[in-house]
Every structure is written in C-alpha cells, then in structure tokens.
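Whatever order the structure lists ligands and atoms in, that order sets their numbers, starting from 1.
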Amino acid sequence: MLYIVDTANIEKIKHCIEFYPVAGVTTNPTIISREHSDFKGIITEIKNIIGPDRMFHIQLTGDTCDEMAKEAHALRDLIGENLYVKIPISPEGLKATMRLHKEGFHITETAIFTQQQALVAAKAGADFVAPYVNRLDNIISDGVNVVHEIVELFKLYDLSSKVLAASFKTAEQVHKISLVGCHAATVNPDILDTLIYHPLTMYAIDDFKADWKNVYGEKKIIDMI
Ligand code: G3P
C-alpha cells in the first residue's frame, strides 16, 4: 500500500519526505486554502520538494468540463510528470475524466462516498478513486467496508483503477483499509507519526541504549571497528 500525505504545508511535506516512505502528495481546495498563500507558488514549491518521481495530486476547481480541461492543461504545463488531476465526481466531472483520460492525463476521482460512484469513475478512466473513510464513518456508513467493496469490484471487473482512500482520523482506520487490500492511503502527517508510535518501542530503544552505555560508554560502533 502506498502512503501519501494529504497536506500543502511546506514544512510538513519536507518532514514527511525526509522521514517516511512517502509516494506523493495530495491536495484539495480546502487544504490549499489553509496555507493562505499564492496557489502557483505553493504548488511549484511542493513539486520542487517532492521531485519528479513522487505523485502530485492537485484538485481542479472548474465547474464545467471545458473549465476543468483548461485547468488540467495549465497544471500539466507547470507541474509536468507525475501530475494527477483530482476531479470531484459529478456529470461534468465524469465528462472531464473521459476527455482528459483520452488526452493522457492521470486522474484521481475524488469525493467518493459510494461503491457505484467509484465503479463509474473507474469506467470513465480514473486512475485512482478517493473514498472518504472518516466522513463515511461519521455518518455510520462503514468507510472501511466501502473501500473493501470498491477494491473487490475493481478485481471482479479486472479494472486497472486503484483505490486511494482519504479522510482519516485514526491509525485504526488506516490499518483496517490496509487489511482489505487498499492500494493507497492519503493521510495527514500526524497520522504518519501515529502509525509508527508505540511506547514499548520507545522502552526497547531506551533499554538498548542503557545496556550498551553500561559496557561501552559513549562509544559507537564506528569508534570500535
Ligand atoms: O483528501 C480528502 C481529504 O482531505 C478529506 O479529509 O479530513 O477533510 O475528511 P477530511
């Protein structure tokens, strides 16, 4: 499963890229607007930080297929390779998905809340569909099950589209979607920290240090070989 970070905060992206095996960055208008900064400046800086090999998912803001297509082309000119244009699912969004797919764009269909939205988006040419796990859990609609059934539908119909689960509030939600074969999860940086934290790990590391220091003092391996 790919881990992706769901933020436009430059410092947080730098932190995640340095310390975690991150496959890319996702943004949406809400996430971008939180930075209160120039859009072009933010996305250019993010692209420079993550480099050519990581995915960069940027959501379009146009209302019509033509507006979305114009935005997609302008973004591709600016960002280049590994751009994924995010399109919220709607009739105009699907029209744009089919058109941009034919034009060779990578597409992430977003704001997915049902299995059939995901299936239709995949048939339209979306590379990824993004179901919102926590928002589904908040309306007692079992986000993990929605992800699971989308994964199963893509397998059943031999579709190459992948599931990029989004909207997480807990490590437990991330773990559960990983168990059902979800292809990717986009999480905020705090969740990444939570995923690897365990107090017993901290105790174990402290014990290793203390036992070593009792015998070898401040010396490290490199001082002794
Ligand atoms: O990528 C979509 C995601 O950002 C939505 O998350 O936390 O606003 O439900 P949230």
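Using a cutoff of 4.0 Å between basic side-chain nitrogens and carboxylate oxygens, Asp66 and Arg99 are scored as salt-bridged. One finds a salt bridge joining Lys155 and Glu152 here, because a Lys/Arg side-chain nitrogen approaches an Asp/Glu carboxylate oxygen to under 4.0 Å. The existence of a salt bridge linking Glu18 and Lys14 is excluded, since no basic side-chain nitrogen approaches an acidic carboxylate oxygen closer than 4.0 Å.
When heavy-atom distances to ligand 1 are checked against a 4.0 Å cut-off, Thr110 has no atom that comes that close, whether in backbone or side chain. At a heavy-atom cutoff of 4.0 Å, ligand 1 is contacted by the side chain of Ala166 but not by its backbone. Using a 4.0 Å cut-off between heavy atoms, Phe168 makes no contact with ligand 1 at all.
Thr26 pairs in a side-chain hydrogen bond (donor to acceptor under 3.5 Å, both in side chains) with only one of the listed residues (Thr110, Thr108, Asp6, Thr7), which is Asp6.
Looking at atom 7 (O) of ligand 1, its nearest protein heavy atom turns out to be Lys169 NZ, 2.8 Å. Protein heavy atom in closest approach to atom 1 (O) of ligand 1: Asp6 OD2, 3.1 Å.
Residue contacts with ligand 1 include Ile31, since one of its heavy atoms falls under 4.0 Å from the ligand.
Here's the thing with Thr26: none of its N/O atoms is less than 3.5 angstrom from an N/O atom of ligand 1. Considering backbone and side-chain atoms together, Arg135 places an N or O closer than 3.5 Å to an N or O of ligand 1.
Interface atoms of ligand 1 facing Tyr132, defined by a heavy-atom separation under 4.0 Å, are 2 (C).
In this structure, Leu153 and Leu159 have side chains that are not in contact, with every pair of non-hydrogen atoms separated by 4.5 Å or more.
Between Tyr132 and Phe113, the gap from one ring centroid to the other is short of 6.0 Å. Residues His57 and Phe128 bring their aromatic ring centres within 6.0 Å.
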